[in-house]
Amino acid sequence: MKVLITGIASALGRLLTAELLSEGHEVLGIDRRFWADAPEGVKIFHVDVRKRPAEEVFRTERPDAVIHMATVTHFSARPQERYRINLGGTRVVFEHCDTYGVKQAIFVGRHTFYGADAESPLYHTEEEPPMAVSTFPELADLVAADLFAGSALWRFPKIDTVVLRICYALGDAGQGTLASYLRGPRVPTVLGFDPLYQFIHDRDMARAIALALNARLRGIFNVAGPPPVPLSLLIKATGRKQLALPEPLFTSALGRFGLPKLPPGSLNHVKYPVVVDGARFAEATGFEPRYDEVQTMDSFMWATF
């Protein structure tokens with residue numbers, strides 16, 4: 001199968017490329033970033049997914065499937081740019097898929113879609129609405145992209161659309177939202193709160209995406225890794241020191257004293273858990289994580305020290 005990956009030069013894109021090549025797929029990708037040592041035979045087009053040259057890739061290459069991962073977070077782009085990339089880019093990708101006969105489109109989303117709140121259920125299922133817009137306004141662009149991808153199920157009925165809401169990536173790639181939060185030697189937390197954190201090894205994440213492709217899924221699926229662990233344990237197990245701050249001081253301290261720079265909306269995500277139920281995906285694909293929580297935390301620790 002000819003598979004086009006948007007955001008192919010990312011750490012996850014590289015792992016996914018290796019996974020798909022090992023299974024015999026033909027892989028090509030779109031990314032504004034360069035990948036100098038890309039595997040032989042992998043075509044990479046250095047274009048913006050929202051621009052006309054990207055449409056030419058769809059028109060001339062005619063991929064059978066598209067895996068859309070070209071989204072960004074608050075760590076890497078400003079609000080207006082995030083909306084243009086996340087929502088605008090997602091809309092354009094699905095329109096090109098429809099125009100040029102792509103049979104399957106996979107949108108790689110995030111479990112933070114559900115938001116963190118004191119009254120949220122411990123395990124979120126796919127039927128639940130997004131609360132992140134109200135609990136974490138800085139995630140509004142990613143929520144909008146997820147909702148647009150979900151609407152493709154009826155908007156573009158000829159495409160087998162899959163929306164994957166995957167928990168935090170962690171592992172030897174050392175990249176991602178959770179990795180950025182844990183980057184420094186001291187990790188700020190809110191005094192009196194110790195939420196469960198759910199994560200998946202980045203290699204298991206790549207394998208889960210490949211399984212969704214091979215199983216020809218259609219619909220919305222949560223993807224979970226090993227059992228979640230308390231934030232305090234996560235910090236300790238990855239070789240960091242916890243800095244518990246009273247809530248009034250937490251936001252003002254961010255970005256100072258060597259602490260990560262988080263947006264104001266992140267407060268709820270440091271106080272309350274976001275844990276998803278991945279049973280539907282596991283049943284549909286047979287997915288089980290190969291890396292448990294200890295191996296995943298160890299991988300991240302050794303990759304970042």
Side-chain angles (χ1 to χ4, degrees), residues 1-47 49 53-71 89-90 92-109 149 152-153 156 158-166 169 171-173 175 200-221 223 225 278 281-282 284-291:
M1 185 185 301
K2 181 184 284 191
V3 184
L4 171 64
I5 302 173
T6 66
I8 193 172
S10 65
L12 177 59
R14 298 179 186 212
L15 290 173
L16 178 58
T17 297
E19 186 77 25
L20 295 178
L21 288 175
S22 71
E23 295 173 354
H25 296 290
E26 179 182 352
V27 179
L28 58 151
I30 291 176
D31 206 307
R32 292 186 297 179
R33 297 162 293 186
F34 284 88
W35 183 3
D37 57 345
E40 184 178 355
V42 175
K43 292 183 181 179
I44 300 180
F45 301 86
H46 301 292
V47 298
V49 74
E55 182 178 359
E56 283 298 297
V57 175
F58 280 81
R59 187 183 68 81
T60 58
E61 294 293 334
R62 301 286 174 150
D64 301 301
V66 171
I67 301 174
H68 180 46
M69 304 193 304
T71 56
T90 299
V92 167
V93 165
F94 274 95
E95 288 176 350
H96 292 341
C97 287
D98 180 58
T99 300
Y100 297 106
V102 173
K103 300 178 180 65
Q104 185 177 20
I106 300 176
F107 174 82
V108 180
L153 286 162
F156 307 118
K158 293 182 180 180
I159 304 172
D160 286 332
T161 296
V162 185
V163 177
L164 301 179
R165 295 173 183 160
I166 310 180
D172 44 27
Q175 295 185 17
I200 184 173
H201 197 286
D202 37 34
R203 295 183 185 276
D204 275 334
M205 182 181 287
R207 189 167 60 88
I209 297 170
L211 282 172
L213 175 74
N214 295 332
R216 295 301 301 266
L217 297 185
R218 179 182 176 89
I220 299 172
F221 298 85
V223 181
F281 182 77
T285 63
F287 173 74
E288 290 184 6
R290 292 175 178 169
Y291 296 83

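Given the structure is predicted, the values throughout are model-derived calculations rather than measurements.
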- prompt: Can you tell if the side chain of T161 reaches within under 4.5 Å of the side chain of F156, non-hydrogen atoms only?
  reply: no
Ring pair (Phe, Tyr, Trp, His ring centres under 6.0 Å) contacts touching residues 24-47 (sequence neighbours left out): F34-H46
query: Is there a side-chain contact between L4 and F58 (heavy atoms, below 4.5 Å)?
result: yes
- prompt: Shortest non-hydrogen contact from T17 to P39?
  reply: CG2-CG, 4.4 Å
message: Are E95 and E55 packed together at the side-chain level, in the sense that at least one heavy-atom pair is separated by less than 4.5 angstrom?
response: no
field: Between CD on residue E19 and CE on residue M205, distance to nearest 0.5 Å
entry: 13.0 Å
- request: Report yes if some heavy atom in the side chain of M1 is under 4.5 Å from a heavy atom in the side chain of L213; otherwise report no.
  value: yes
- prompt: What pairs with T90 under side-chain hydrogen bond (donor to acceptor under 3.5 Å, both in side chains), at least two apart in sequence or on another chain?
  reply: H68
task: Quick one: closest heavy-atom pair of V47 and P53, and the distance?
output: CG1-CB, 3.6 Å
statement: Sorted by chain and number, sequence neighbours left out, salt bridge (Lys or Arg N to Asp or Glu O under 4.0 Å) with E288 holds for none
query: Counting distance only, does the side-chain N/O of R14 pair as donor-acceptor with the main-chain N or O of A38 below 3.5 Å?
result: no
statement: By side-chain hydrogen bond (donor to acceptor under 3.5 Å, both in side chains), E23 pairs with (sequence neighbours left out) N214
Smallest separation among heavy atoms of A11 and A173, with atom names: CB-CB, 3.8 Å
task: May I ask you to test the R59-T99 pair for a side-chain heavy-atom distance under 4.5 Å?
output: no
- request: Check L16, V27, I30 against I8 for a side-chain contact (heavy atoms from CB on, under 4.5 Å) and give me the one that passes.
  value: V27
field: Partner of I106 under side-chain contact (heavy atoms from CB on, under 4.5 Å), chosen from V163, I67, D160
entry: I67
query: At what distance, to the nearest 0.5 angstrom, does CG of L21 lie from CD of E26?
result: 10.0 Å
task: Run the numbers on R203 and D172 for side chain to side chain contact (heavy atoms under 4.5 Å, CB included), then give the verdict.
output: CA-CA 9 Å; R203 295 183 185 276; D172 44 27; 3.3 Å; yes
statement: Note: C97 and A105 closest approach over all heavy atoms is SG-CB, 4.2 Å
- prompt: For V223 and A208, which heavy atoms make the closest approach, and how far apart are they?
  reply: CG1-CB, 3.9 Å
- prompt: Who passes side-chain hydrogen bond (donor to acceptor under 3.5 Å, both in side chains) against R62, sequence neighbours left out?
  reply: none
message: Between V92 and V49, is there a side-chain heavy-atom distance shorter than 4.5 Å?
response: no
query: Roughly how far, to the nearest 0.5 Å, is the NZ atom of K103 from the CD1 atom of I159?
result: 11.0 Å
message: Is there a side-chain contact between R33 and S10 in this structure, where contact means two heavy atoms from C-beta onward sitting under 4.5 Å apart?
response: yes
field: Point-to-point distance, once rounded to the nearest 0.5 Å, from NE2 of H201 to CG of L15
entry: 8.5 Å
statement: What one should report as the nearest heavy-atom pair of V102 and A65 is CG1-CA, 3.9 Å
query: When M69 is tested against each of D31, L164, V108 for side-chain contact (heavy atoms from CB on, under 4.5 Å), which residue passes?
result: V108
task: Check side-chain hydrogen bond (donor to acceptor under 3.5 Å, both in side chains) between R290 and all other residues, then give those that pass, not counting sequence neighbours.
output: none
field: Gap separating the CD1 atom of I166 from the CZ atom of F221, nearest 0.5 angstrom
entry: 12.5 Å
task: Using a 4.5 Å cut-off on heavy atoms from C-beta on, say whether the side chain of I220 contacts that of L153.
output: yes
field: Exceeds 12 heavy-atom contacts within 6.0 angstrom, atom NZ of K43
entry: no
